[in-house]
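Just below is one structure, and these are the notes that go with it.
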There are 2 protein chains.
Amino acid sequence: MTTMRTQADTSEQIMAAARSMVQARGYNALSFRDVAASVGVKSASVHYHFPTKGDLAAALARRYTEEGMDYLDTLLARGEDYRACLARYVAIFRRALEDGNRMCLCGIMAAENEDLPAAVRAEVAAFTNANVAWLTGLLAGRRPGTSPELARARGAAIYAAVAGAQLVARGRNDIAVYDAIMGAFADTGLFD
Amino acid sequence: MTTMRTQADTSEQIMAAARSMVQARGYNALSFRDVAASVGVKSASVHYHFPTKGDLAAALARRYTEEGMDYLDTLLARGEDYRACLARYVAIFRRALEDGNRMCLCGIMAAENEDLPAAVRAEVAAFTNANVAWLTGLLAGRRPGTSPELARARGAAIYAAVAGAQLVARGRNDIAVYDAIMGAFADTGLFD
DNA sequence: ACCTGAACACCGTTCAAGT
DNA sequence: ACCTGAACACCGTTCAAGT
C-alpha cells in the first residue's frame, strides 16, 4: 500500500492556479509572483517546476487540450445524436462564462498570439486544430456527401462562432448575449 | 497664411505607433518605452500627452470607433445594397489580417477585458455596441418584419462570426482560413 | 528534491528639474 | 508647452545558497 496523497503536488497546485488566472486575464497578465502567492511558495520555486512562463503556459494548454478532447470523445462514445453533441459542445464554452466570466484557455491566448513563445503558440494551434477536427468529423457523419474542404470550413465556422460569441458575451459580462447569439446562429441553420 | 505642418503632432505620432502595437500584440503588451522609442522621445514624455496607459488606450479605442463608424455610414450613404454593405463589412476585418496578421483594435482588447481600466473597457463596449447597432439597422432594412430582439441577436451573431473568424485565422496566420470560414457562414445563409 | 533571497533588466508611473 | 533623468514598486529570470 502506497503513501496516501492528501494534498496535490506543488506542480499541480501551480497549474490549477495559473489556469484559472489565464482564463480570467490571459497569458500576459499571468504573474509568477501571483501564482506563487496563491500556492504559498516564492516565485523562484515556481521556476523550479516550470523554468519559464512559456513552459508553464504550454503545459497548461497541452493538458487543457487533452482533457477537452477526452470529454469530446466520451460524448461520441455515448452514442448521442448529432444535435445533442453540438449542444454539449456549445455548452462547454458557455461554462467558462458561468465560471467568473472566463474564456476558453486557448481562445484568450489566441488573441495574444504575437506575444506567445513558439511552444505555447504551437499548443494553442493544436487545440484549435483538435476542436475543428472533432467538429469536422461530427459533420462528416451527418452529411456523408460533403467534400472534405467544405466540411472542414464548416467545422471551423462553428468553432469561430462559439469563440466569437464567447468573446462578445464576455465583453458585455452577460451570458444571455452568448445564448442570443447562439440562438441566432441556430436560426440560420449552422447546426442543422 | 498659417505655418505649414510638415510633421504630425507628437500626440498623433504616439497614437499611430500605439494603435499599430495594440492591434498586433494587445493592451498588456503595449509598452510606453517602446512607443517612446518609435516616436523618438522618452517614455516620460508619452505620459505628458497621455497620463496613463489607460488614457492612451481609451483615446485609441474612441478614435477607432469614430473612424470605423464614419466609414460604415458612408457605406450606407452610397446607397449600395444589403449584400454589398455586408461584403464591405466582412472586408474590413479581413484587412486587419492583411496588415501584418493584426486584429481589430477592440477585438483584441475585448479578450483582455479583465485587465483593462474601466474607461478602456467602456470604449471597447461602445465599439461593440456601435457595430452591432449598425448591423442590426442594416438587417432591419432587409427584413422589416423581424422583431427587434431577433434582429439584434442576428446582428450580434454576424459581429461574433467576423470576430471569431479573425481570431481563428490569425492563430493560423492564414487569410485563407478567414475566407473559408466566412464562406461557410455564407452557405448557412447568415448573410441572406 | 525542493525551496529561497538577492540580483538583473524590464515595466508603468511620478516628479522635480530643465528649456 | 513640452521634454527629461531619476526614482519607485512591479515583472520574468537566474543563480548561488540553503534544507
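Note that the coordinates shown come from a computational prediction; the quantities given were computed from them, not determined experimentally. All chains are named by letter (A, B, ...) in the order of the sequence lines, taking the proteins before the strands, and each is independently numbered beginning at 1.
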Phe50(A) CZ to dT13(D) P, in whole Å, measures 13 Å
Between Tyr27(B) and Lys42(A), name the one whose nearest nucleotide on DNA chain C is closer to the 5' end.
Lys42(A)
G-U wobble or Watson-Crick pairing nucleotide for dC3(C) (cut-off 3.5 Å, both distances)
none
Sub-4.5 Å side-chain heavy-atom contact between Leu167(B) and Met103(B)
yes
Looking at Glu112(B) and Arg25(A), is any side-chain nitrogen of the basic one under 4.0 Å from a carboxylate oxygen of the acidic one?
no
Applying a 4.0 Å non-hydrogen cut-off, can you work out what Leu56(B) is touching in the nucleic acid: base, sugar-phosphate, or nothing?
nothing
His47(B) NE2 to dC3(D) C1', in whole Å, measures 13 Å
For the pair made of CD1 in Ile14(B) and C1' in dC2(D), what is the distance, rounded to whole Å?
11 Å
Spacing between Tyr48(A) atom OH and dA16(D) atom P, to the nearest angstrom
16 Å
How about Phe191(A) and Tyr82(A): are their ring centroids closer than 6.0 Å?
no
In whole angstroms, how far is the P atom of dC10(D) from the NZ atom of Lys53(B)?
17 Å
Between dC15(C), dC2(D), dT4(C), spot the one nearest the side chain of Ala44(A), thanks.
dT4(C)
Integer-rounded Å distance: dT14(D) C1' and Phe32(A) CZ:
13 Å
Heavy-atom closest pair, residues Arg102(B) and Ser20(B)
NH2-OG, 2.8 Å
Give a yes/no answer on whether the side chain of Thr10(B) brings an N or O atom under 4.0 Å of OP1 or OP2 in dC3(D).
yes
Would you mind classifying the nucleic acid contact of Ser45(B) as base, sugar-phosphate or nothing, using non-hydrogen atoms under 4.0 angstrom?
base
Integer-rounded Å distance: dG12(D) C1' and Arg33(A) CZ
7 Å
Quick test of your reading of the model: are Arg62(A) and Glu66(A) salt-bridged, counting only N-O distances below 4.0 Å?
no
From the options dC3(D), dC2(C), dT4(C), select the nucleotide whose nearest atom is closest to the side chain of His49(A).
dC2(C)
Presence of Ser31(A) side-chain N/O under 4.0 Å of dC10(D) phosphate oxygens OP1/OP2:
no
Going by purine N1 to pyrimidine N3 plus the second Watson-Crick contact, or the G-U wobble pair, all under 3.5 Å, which nucleotide sits opposite dC8(D)?
dG12(C)
How many whole angstroms separate atom CD of Gln13(B) from atom C1' of dC3(D)?
14 Å
